[in-house]
Structures are given as C-alpha cells and as structure tokens.
Amino acid sequence: MSAAVLELRGLRKTYRLGSHVVPALQGVDLLLQPGELLALTGPSGSGKSTLLNIAGLVDRPDAGEVLLRGRTVTGIGETEATLLRRDAIGFVFQSFNLVPVMTVADNVDYPLFLSGVPPAQRRERVAQMLAAVGLAEHANHRPDALSGGQRQRVAIARALVKRPSLVIADEPTASLDSHTADQVLDLMREIGHAQGAAFLVATHDVRLLRRCDRVIALLDGRIVNPHTENVHELAMA
Ligand SMILES: Nc1ncnc2c1ncn2[C@@H]1O[C@H](COP(=O)(O)OP(=O)(O)O)[C@@H](O)[C@H]1O
Ligand SMILES: [Mg+2]
C-alpha cells in the first residue's frame with residue numbers, strides 16, 4: 001500500500017459544451033506525501049481547478065484513478081464521497097466561503113459539529129485552532145468585521161480543525177495583497193507540517209512558489225517537465 005496521502009493515476013477529464021470539446025486533463029499523474037505543500041501552477045485554463053475538484057472528490061474523472069492514503073476512491077458512491085470530503089479533506093477557496101451570519105468561532109466549529117464531535121472537544125479544538133492562526137481575540141466577531149487576510153486565516157482554521165490528511169486550496173491568496181498572501185501561505189505550511197496534513201495548492205502567483213515544498217506545472221491539462229519548461233514563466237502566462 002502506498003504511504004502517499006494522495007495519488008492520481010492517468011487522470012483524464014473532458015468537458016463537452018454542445019459540439020465544443022475541452023480536454024481539461026489529458027493524463028495526469030501525481031503523488032502527494034504527508035506534510036508536503038505542493039504548488040500546482042500553470043496559466044488560466046490549464047486544468048488546475050479541474051484537477052483539484054477531482055482530487056477533492058467534488059468531481060469525477062472520465063478515466064484514471066484517485067487514491068486517498070492508498071485506497072482507490074474512484075468508484076465509491078456519492079454518500080461515501082460526501083463522508084470522505086467531510087472527514088478527511090479540508091478546502092480553502094479564493095473567496096474564503098465563510099458563513100457571514102456565524103461568528104468566527106462558529107465557522108471553525110461547523111465541520112466538527114457536522115462530524116459529530118462531542119461539544120467539549122469541539123470547544124477545545126476551536127480555541128486551539130484560533131490561537132494557531134492568531135485570531136483568538138476575534139472568536140466572537142463576524143467575518144465581515146475582519147480583513148481579507150484574517151478571513152482566509154479563519155478559512156484555514158476551518159479546513160484544518162478536523163485534522164484532515166489532505167487540504168485542497170484553489171487560488172487561496174488570489175484575493176490578498178502580496179504581504180498578506182506570503183503570511184497566509186507560511187501559516188498553511190507551518191500548521192500543515194505540525195499536523196502532518198498535505199496541501200495541494202493551485203496558484204498562478206509566482207512569488208508563492210518558492211514558499212512551497214515542491215512545484216508542478218500544468219499546461220493544457222498535462223504536467224510539464226520543470227527541466228524543459230520555465231514554471232515561473234508559465235505561472236505568469
Ligand atoms: N464546468 C465546465 N464546463 C466546461 N468547460 C470547463 C468547465 N470547467 C472548466 N472548463 C474548461 O476546462 C479547462 C480547464 O479549466 P480549469 O480547470 O478551470 O483551469 P484553471 O483552474 O487552471 O484555470 C478550461 O479550458 C475551461 O474553460
Ligand atoms: Mg482555476
């Protein structure tokens with residue numbers, strides 16, 4: 001059995017809009033190890049979000065296999081996929097996706113509530129997580145009282161509070177200024193390494209790439225060899 005958190009084998013995905021055919025992924029292989037922060041870069045339309053949606057069990061490939069901690073999950077049913085998403089995968093989005101009517105603490109607590117964690121344990125883990133992202137004093141505020149960087153830190157706390165083995169982040173810093181983006185990425189790496197969570201981060205922000213453990217680049221739905229292509233130029237395309 002593979003020790004990898006995530007393994008993708010020969011992923012293919014084609015979108016069809018009437019007679020228009022878009023080959024979004026054309027045979028992608030990828031291995032993600034525990035605690036690793038892997039950046040997925042490449043120009044807009046290269047297939048990053050498609051890959052993340054398939055890796056996060058939000059969408060299904062036309063061909064190929066997805067393995068989570070060595071287990072094939074390509075053929076599982078929708079109910080099981082929902083449970084896996086809930087318990088084993090954290091998500092961070094460009095637009096934060098916090099619940100505006102809930103406090104910061106309640107936003108972070110929500111995944112634990114859904115997973116049926118006992119209340120005392122929930123309170124302790126939410127407090128720990130808010131301290132880890134430096135937002136303890138904002139626990140009772142609403143997200144709209146916070147800056148963009150603070151909101152993304154809440155989203156990171158929410159993604160990590162259930163201690164997932166995999167965190168999927170699609171352009172997590174695209175709405176942030178560069179200094180805040182650096183801080184948010186460093187925070188993901190620190191907490192991820194401490195918890196042993198692996199991060200798969202799509203970004204075309206070239207400045208973030210050197211803060212990641214490893215970088216792979218997509219172009220037209222294929223991974224390009226970083227030795228033959230300049231990933232930094234690709235990221236800016
Ligand atoms: N739901 C969809 N329906 C049709 N085409 C799509 C859909 N999602 C993505 N695509 C197309 O698939 C390709 C890859 O898109 P995407 O995975 O969003 O790339 P990226 O995240 O790198 O910008 C693009 O050509 C895009 O237009
Ligand atoms: Mg995208």
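Whatever order the structure lists ligands and atoms in, that order sets their numbers, starting from 1.
Shown are Val133, Val126, Thr103, Leu98; of these, the side chain to side chain contact (heavy atoms under 4.5 Å, CB included) with Val108 is made only by Val126. No option in Arg153, Arg210, Arg211 other than Arg211 meets the salt bridge (charged side-chain N to carboxylate O under 4.0 Å, His left out) test with Asp186.
Within the 4.0 Å heavy-atom criterion, the part of Pro43 lying near ligand 1 is the backbone and not the side chain. Residue-level proximity to ligand 1 for Leu17 is carried by the side chain, the only part with a heavy atom below 4.0 angstrom.
In terms of protein heavy-atom proximity, atom 23 (O) of ligand 1 is nearest to Gly45 N, 2.7 Å. Among all protein heavy atoms, the one lying closest to atom 17 (O) of ligand 1 is Thr50 OG1, 2.6 Å. Atom 1 (N) of ligand 1 has its closest protein heavy atom at Tyr15 CE2, 3.7 Å. In terms of protein heavy-atom proximity, atom 19 (O) of ligand 1 is nearest to Gly47 N, 3.1 Å.
Cluster note: Val22 groups with Tyr15 through ILVMFWY side-chain heavy atoms spaced under 4.5 Å, whether in direct contact or through intervening members.
Taking every non-hydrogen atom of Ser44 and a distance limit under 4.0 Å, the qualifying atoms of ligand 1 come out as 23 (O). If you number the atoms of ligand 1 from 1 as listed, the ones under 4.0 Å from a heavy atom of Ser49 come out as 17 (O), 18 (O), 20 (P), 21 (O). Near Val22, meaning under 4.0 Å from one of its heavy atoms, ligand 1 places the atoms 11 (C), 12 (O), 13 (C), 25 (O).
For Thr203 and Asp205, the side-chain atoms include no donor-acceptor pair closer than 3.5 Å. With 3.5 Å as the limit, one finds no donor-acceptor pair spanning the side chains of Asn53 and Thr50. Checked by atom type, the side-chain pair Asp87/Ser115 shows a donor-acceptor distance below 3.5 Å. Side chains of Glu65 and Thr72: a donor-acceptor N/O pair is present below 3.5 angstrom, by distance only.
Distances from ligand 1 to the non-hydrogen atoms of Ser46 include at least one value under 4.0 Å.
Of the charged side-chain nitrogens involved, none lies within less than 4.0 Å of a carboxylate oxygen, so that Arg189 and Glu36 do not count as a salt-bridged pair.
Side-chain atoms of Asn107 come within 3.5 Å of backbone atoms of Val99 as a donor-acceptor pair (strictly under, hydrogens ignored).
Looking only at protein N/O/S atoms, the ones less than 2.8 Å from the Mg ion (ligand 2) make 1 in total.
Within a 6.0 Å sphere centred on CZ of Phe93, heavy atoms belonging to other residues, nucleotides or ligands number more than 12.
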### Task
Show your reasoning for whether side chain to side chain contact (heavy atoms under 4.5 Å, CB included) applies to Arg158 and Asn97.
CA-CA 11 Å; Arg158 178 185 58 185; Asn97 293 19; 4.2 Å; yes
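Protein non-hydrogen atoms do not reach within 4.0 Å of atom 26 (C) of ligand 1.
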